[in-house]
Protein chains: 2
Amino acid sequence: MRLRKLEVFFLKILDATLLSNLPPFEGIENQDLEDLLSLATSARHAKGQHIFDQGDDANAFFLLLDGHVRVVKITPHGEQIIARYISSGELFGIAQAIGRDTYPANAVAAVDCVVLSWPGTIWQQTVQRYPTFATNTYAMIGSRLQDAQDRIVEMATERVEQRVASALLKLANQTGRKTAEGILIDFPISRQDISEMTGTTLHTVSRLLSSWEQQGLVKSGRQKVTVTEGHRLLMVASGQNRD
Amino acid sequence: MRLRKLEVFFLKILDATLLSNLPPFEGIENQDLEDLLSLATSARHAKGQHIFDQGDDANAFFLLLDGHVRVVKITPHGEQIIARYISSGELFGIAQAIGRDTYPANAVAAVDCVVLSWPGTIWQQTVQRYPTFATNTYAMIGSRLQDAQDRIVEMATERVEQRVASALLKLANQTGRKTAEGILIDFPISRQDISEMTGTTLHTVSRLLSSWEQQGLVKSGRQKVTVTEGHRLLMVASGQNRD
DNA sequence: GAGCGAGTTTGCGTTTGCGCAAGCTTGAGG
DNA sequence: CCTCAAGCTTGCGCAAACGCAAACTCGCTC
């Protein structure tokens, strides 16, 4: 059961059509994609496995073909902060692009994953040879910078309640799957995970979810959250629910 | 008095040597620098003047020749957050580089400034023509992404006291000037500014500075902070000052 | 050199959210 | 089907930091 999704992938032939529809590779010729693909290695990572760790030599960059990857920073005191979730089709671990030679965070498979990787050494020649790839990639880094700045503003100005609501909405939009009850976040996520995304404690998240469940905004269970009333949750996120 | 620094600059001839020592332009031929310079416009901005505003069409990118620029984000509720300070020699407002067509923040002259600007339209051709410029620039964006991520971690895990101490140390390192009493932050900075960098209130910053002044870690006055005991302040920043 | 206003200090009450502790639930694996 | 540990809930007390208010101080301008 756990492996079904993976098997589907290994029945597929790894060919150019696999990449051609993904944003980073938009606008690149099929022949070039074949060439790129011939340099890549594919790998499966079981849920929980570390694809790379903070501080490791950055000798590869990655494309997530299937699954979800959690990007986690560790503080000197051992606390964890979730920097972002990677969805399928996204590049990650592109330390080369930003002039680093070690990875700045851990990448952990949130579910079983299929990942392509390229040797870091080909980064330079790749961006030079495919300008659209370079443009796409740098635009993506730009939007991650944006995200990060927005999150700083959020952390600086909003209360925990609002931040948790925003985080759930973002996840629901990004990776939500429509169900009978609402929008289900499509991978296992614990109270602890949510607290590490929002800079709070699992206790506070638990309390908030309980209270929202009573009010009918969400349904949640063990490592599972469904947003049932997005608009009302949005009001919480924007602070319009105060008396 | 206020204009003395500026005048020095306008006595200088704008020539390639002006750029050649700045990190973004490292490794570019003198002739190429002359060409670049011929496309640039120079301007003075008085203290407090807005060089561009959040949401404006991004039709230029900038190089700070002299002075200090504050990059400020405004929230929907009207609160301000200082994203960073730009020191002389740094590029800023490079929305093009990250695929944006409006500026994501305000840029305000923290003191009288001298600024070069180029039309945004030449960004693409510039990065293509000068690969080292592209590399330098993207490495810089990468380090800003890093900074932002680090700040998120800081906001999520550290108390106000630690964040304020870190912010002061960062400013002192970045733009500090050695004086008889210690390291003076080299531009006017108010309690309010510091609070907008650290996600707190001017009251709390004032209380912290008062207490640190009593303990001899800093000296501070109206829009002025001198770090006198960097190592002890560093202990505060890392949380080692608790009983 | 007098007056003004921006910037700063400080006290006090209040709120938010944390820390700790104890008990409960659930689902995966044997 | 049973077990058990990982994940979740909840109560209680407490500390950090905010919000508000009032007073003060310094440096700039006229």
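Letters A, B, ... are given to chains in the order of the sequence lines, protein chains preceding strands, and every chain is numbered from 1.
Dashed line: the shortest gap from a side-chain N or O of B:Arg191 to OP1 or OP2 of C:dT8 is under 4.0 Å. For the OP1/OP2 pair of C:dG17 and a distance below 4.0 Å, the side-chain nitrogens and oxygens of A:Thr204 include no atom meeting the criterion. Taking side-chain N and O atoms only, B:Ser206 has no distance below 4.0 Å to OP1 or OP2 of C:dT8. OP1 or OP2 of C:dC18 lies within a sub-4.0 Å distance of a side-chain N or O belonging to A:Thr200. A:Thr201 has no side-chain polar atom (N or O) that falls below the 4.0 Å cut-off from OP1 or OP2 of C:dG17.
Evaluation of atom-type donor-acceptor distances gives a pair under 3.5 Å for the side chain of A:Arg222 against the base of D:dA6.
One finds no salt bridge joining A:Arg44 and A:Asp112 here, because no Lys/Arg side-chain nitrogen approaches an Asp/Glu carboxylate oxygen to under 4.0 Å. Comment: B:Glu158 does not engage B:Arg163 in a salt bridge, judged by the lack of any side-chain N to carboxylate O separation of less than 4.0 angstrom. Under 4.0 Å is where a charged nitrogen must lie from a carboxylate oxygen, and between A:Arg144 and A:Glu90 at least one such pair does.
One can place CD of A:Glu196 at 12 Å from P of D:dC8, the figure rounded to the nearest angstrom. Taking atom CZ of A:Arg159 as the reference point, atom C1' of C:dT15 lies 10 Å away to the nearest angstrom. A straight line from NZ of B:Lys224 to P of C:dT8 spans 11 Å, rounded to a whole angstrom. If you measure from atom CD of A:Glu161 to atom P of C:dT15, you get 15 Å, rounded to the nearest angstrom. Between B:Ile189 atom CD1 and C:dG7 atom C1' the separation is 14 Å, expressed in whole Å. To the nearest angstrom, C1' of C:dT8 lies 11 Å from CD of B:Gln192. Protein atom CD of B:Gln223 is 11 Å distant from nucleotide atom P of D:dG27, rounded to whole Å. As a whole-Å value, the separation of B:Gln162 CD from D:dA17 P is 9 Å.
Partners of A:Phe187 by ring-ring contact (aromatic ring centres under 6.0 Å, His included), not counting sequence neighbours, listed by chain and number: A:His68, A:Tyr85.
A distance of 11.5 Å separates OG1 of B:Thr75 from CD of A:Glu154, quoted to the nearest 0.5 Å. Atoms CD and CD1, from B:Glu229 and B:Ile183 in turn, are 11.0 Å apart once rounded to the nearest 0.5 Å. One finds the CZ atom of B:Phe92 at 10.5 Å from the CD1 atom of B:Ile94 (value rounded to the nearest 0.5 Å).
Side-chain atoms of A:Ser88 never come within 3.5 Å of backbone atoms of A:Leu64 as a donor-acceptor pair (strictly under, hydrogens ignored).
Across B:Ala109 and B:Ala46, no two heavy atoms sit closer than the pair CB-O, 3.5 Å.
Counting heavy atoms from C-beta on, the side chains of A:Leu209 and A:Arg191 come closer than 4.5 Å.
Within 4.0 Å (heavy atoms only), B:Leu202 reaches at least one base atom of the nucleic acid.
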Kindly give the atom pairs (protein nitrogen or oxygen, nucleotide nitrogen or oxygen) under 3.5 Å for nucleotides 20-23 of chain D.
none

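Over its length, the helix from C:dG1-D:dC30 to C:dG30-D:dC1 turns its helix axis by 50°, as judged from the five terminal pairs at each end, rounded to 10°.
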